[in-house]
Number of protein chains: 2
Amino acid sequence: MPETKKTRKRPGRQPGTTLTREAILDRALELVERDGVAALSMRRLGEELGVDATAFYRHFRDKDALVLAAYDRVTDELADLVRELDPSLPWRTRLERLAEAGWALSERYPAMYSLGWARITGGPAEREIVEFILGTLASTGLAADRAVLYYRTFADLTLSLSGMRATVAALDPALREKDANAWTNIYAALPQSEYPAAIAHAAELQRVTETEIYELAIQALLDRVEREIG
Amino acid sequence: MPETKKTRKRPGRQPGTTLTREAILDRALELVERDGVAALSMRRLGEELGVDATAFYRHFRDKDALVLAAYDRVTDELADLVRELDPSLPWRTRLERLAEAGWALSERYPAMYSLGWARITGGPAEREIVEFILGTLASTGLAADRAVLYYRTFADLTLSLSGMRATVAALDPALREKDANAWTNIYAALPQSEYPAAIAHAAELQRVTETEIYELAIQALLDRVEREIG
DNA sequence: ACCTGAACACCGTTCAAGT
DNA sequence: ACCTGAACACCGTTCAAGT
């Protein structure tokens, strides 16, 4: 029986496909911000780059390593700011600028930020930012234990508040709406007698912005540092 | 041809399986804290309760609704504390107690907390806590817009810092180790000339605890409220 | 050295079929 | 009214087979 010439399986490397780490990370970042966290799958990323989903395992140990590397790329932008900051600025101004830039970053890359903010990449960008904050606080004359405590509090505060914002922003549209409605429904259907404070402040509650909250928290912390320096 | 009596498919409700909302949530909470966030799948939960994975769709719209309901159950414990708090305590003490209890909750249910902290459930427990914080701040004589701003900042701060801790605690053991090693490697392999501040504070950095950080952030905010009250 | 594609062990969810 | 089980459209990851 003559072998009918069916289209044979031909696994193997195709010509013209040269994957680089940089190209993968660029596309991953673009994909996740465009189509959301759930869209960042190996198969979708493979379609995007014209390769099989399993090709990435030659460049990253697993998906987590890929995501962390992409997040580190985002953090690079913060490290750039740190490098360019005028060293003659007062310590408080320097930290305020950093906090502001971190917030802006979480607004520019909500999806990626929501995936990485609670993780430690150990990358060079991260190290530079640690050195900057610690160096700035130490320059005020703060004792080592206090400088370290304020550094960690500043870092955790900025990361977690930006992270919260990014996480909410990166939620599936359907879930975001669900949560938004929950707020509206709370203040619409509240029994007056049981929730007097919530009712009395309903109008003001609608006006508060996330940015105000972030700034207040940072200022409260920096005030405390300033008072301790004396 | 006589039909051989093979074991026939017999879909349908089995006797003795009566699923309740409460039983589902109890088991979901137990499962997720015991085996981790990744273990909370409809199929695993089905095995746990001796029912098919699809049975839950008669009780919850989708998995997100199930998770949110389980998270609301955790929040109930905070509402209990709020209800039992002595109303004659100073406003600052009341808020400190709440902050402390929220932190403890994120330690007791890290997995569930990590799934819910950034979400708004709109449940009764949540409403009670909102009313408590807002009422406490308003009782200090703060203007409505300031009371609301401080309420939101207090809520976001406690939620996001506890959420960060819970998220890290609920990370896959393999990832947690990876991140922990990242820290160690940073301070072990740092070139002395480029990272003087990090090197100088390496010993102190190992000593800071998450709880200290949380308390400092809360105190900084409450100090600011106190100064504004005058 | 690097990529393919089948395969494995999973997911959430829908829906007709049962009791 | 409520549950089952097949089915669908997905996942991350491994590994032998290709170039």
Side-chain angles (χ1 to χ4, degrees), chain A residues 6-25 27-28 31-32 35-71 111 115 119 171-175 178, chain B residues 5-25 27-28 31-32 35-70 111 115 119 171-175 178:
Chain A
K6 36 179 102 159
T7 48
R8 286 305 200 72
K9 307 164 187 178
R10 41 184 172 73
R13 186 186 183 179
Q14 303 295 332
T17 58
T18 15
L19 233 39
T20 66
R21 241 183 101 90
E22 297 301 283
I24 294 169
L25 296 178
R27 282 289 210 164
L31 171 62
V32 78
D35 293 346
V37 168
L40 185 57
S41 73
M42 302 306 246
R43 281 172 177 83
R44 282 284 302 264
L45 187 56
E47 278 176 36
E48 210 82 8
L49 281 156
V51 298
D52 191 87
T54 62
F56 305 113
Y57 290 85
R58 240 64 51 186
H59 300 269
F60 299 95
R61 189 156 59 77
D62 52 23
K63 193 191 173 186
D64 185 66
L66 196 159
V67 169
L68 240 50
Y71 175 71
L115 290 174
R119 302 294 305 280
L171 235 46
D172 275 26
L175 299 187
K178 197 200 276 188
Chain B
K5 208 176 182 184
K6 35 178 102 160
T7 49
R8 285 304 199 75
K9 307 165 187 177
R10 40 185 174 72
R13 185 186 183 179
Q14 303 295 332
T17 58
T18 16
L19 233 39
T20 66
R21 240 182 102 91
E22 297 300 284
I24 294 169
L25 297 177
R27 282 289 210 163
L31 171 62
V32 78
D35 293 345
V37 168
L40 184 57
S41 74
M42 302 307 245
R43 282 172 177 85
R44 281 285 301 265
L45 188 56
E47 280 176 35
E48 210 83 8
L49 281 156
V51 298
D52 191 86
T54 61
F56 305 113
Y57 291 84
R58 241 63 51 188
H59 300 269
F60 299 95
R61 188 155 59 78
D62 52 23
K63 193 191 173 186
D64 185 65
L66 196 159
V67 169
L68 239 51
L115 291 174
R119 303 294 305 280
L171 235 47
D172 275 25
L175 299 187
K178 198 201 276 190

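Chain naming here is simple, since letters A, B, ... match the order of the sequence lines and numbering starts at 1 in each. Values below: all heavy atoms of this structure, side chains included; hydrogens, waters and symmetry mates excluded.
- Here the closest non-hydrogen pair linking A:Ala70 and A:Leu25 is N-CD2, 3.7 Å.
- In this model, the phosphate group of C:dC3 is approached by a side-chain N or O of A:His59 to a distance below 4.0 Å at OP1 or OP2.
- Between the CZ atom of B:Arg58 and the P atom of C:dG18 there is a distance of 16 Å, given to the nearest Å.
- Listed by chain and residue number, nothing satisfies the salt bridge (charged side-chain N to carboxylate O under 4.0 Å, His left out) test with B:Arg43 (two or more places apart in sequence, or in another chain).
- What separates CG of B:Leu19 from P of D:dC2 is a distance of 10 Å, to the nearest Å.
- Note that CD of A:Glu47 is 7.5 Å distant from OG of A:Ser41, once rounded to the nearest 0.5 Å.
- Stem analysis of DNA chain D (at least three stacked-register Watson-Crick or G-U pairs, each with both distances under 3.5 Å) gives C:4-8 with D:12-16, C:12-16 with D:4-8.
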Nucleotide N/O of nucleotides 9-13 of chain C paired with protein N/O under 3.5 Å:
residue: C:dC11; atom: OP1; partner: B:Ser41; partner atom: OG; Å: 3.1
residue: C:dC11; atom: N4; partner: B:Arg43; partner atom: NH2; Å: 3.4
residue: C:dG12; atom: OP1; partner: B:Lys63; partner atom: NZ; Å: 2.9
residue: C:dG12; atom: OP2; partner: B:Met42; partner atom: N; Å: 3.0
residue: C:dG12; atom: N7; partner: B:Arg43; partner atom: NH1; Å: 2.7
residue: C:dG12; atom: O6; partner: B:Arg43; partner atom: NH2; Å: 2.9
residue: C:dT13; atom: OP2; partner: B:Tyr57; partner atom: OH; Å: 2.7
residue: C:dT13; atom: OP2; partner: B:Lys63; partner atom: N; Å: 3.0
residue: C:dT13; atom: O5'; partner: B:Tyr57; partner atom: OH; Å: 3.2

Side chains of residues 49-58 of chain B: which donor-acceptor pairs under 3.5 Å do they make with residues two or more places apart or in other chains?
residue: B:Asp52; atom: OD2; partner: B:Thr54; partner atom: N; Å: 3.0
residue: B:Asp52; atom: OD2; partner: B:Thr54; partner atom: OG1; Å: 2.8
residue: B:Arg58; atom: NH2; partner: B:Thr54; partner atom: O; Å: 3.0

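- The side-chain hydrogen bond (donor to acceptor under 3.5 Å, both in side chains) search around B:Arg21 returns none, not counting sequence neighbours.
- Regarding B:Phe56, its CZ atom lies at a distance of 14 Å from the P atom of D:dG5, rounded to whole Å.
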Contacts under 3.5 angstrom, residues 59-69 of chain B side chains, donor-acceptor by atom type, not counting sequence neighbours:
residue: B:Asp62; atom: OD1; partner: B:Asp64; partner atom: N; Å: 3.3
residue: B:Asp62; atom: OD1; partner: B:Ala65; partner atom: N; Å: 3.0
residue: B:Lys63; atom: NZ; partner: B:Leu40; partner atom: O; Å: 2.8
residue: B:Asp64; atom: OD1; partner: B:Arg119; partner atom: NH1; Å: 2.9
residue: B:Asp64; atom: OD2; partner: A:Lys178; partner atom: NZ; Å: 2.7
residue: B:Asp64; atom: OD2; partner: B:Arg119; partner atom: NH2; Å: 3.3

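- Distance, A:Asp52 CG to C:dA7 P: 14 Å, rounded to whole Å.
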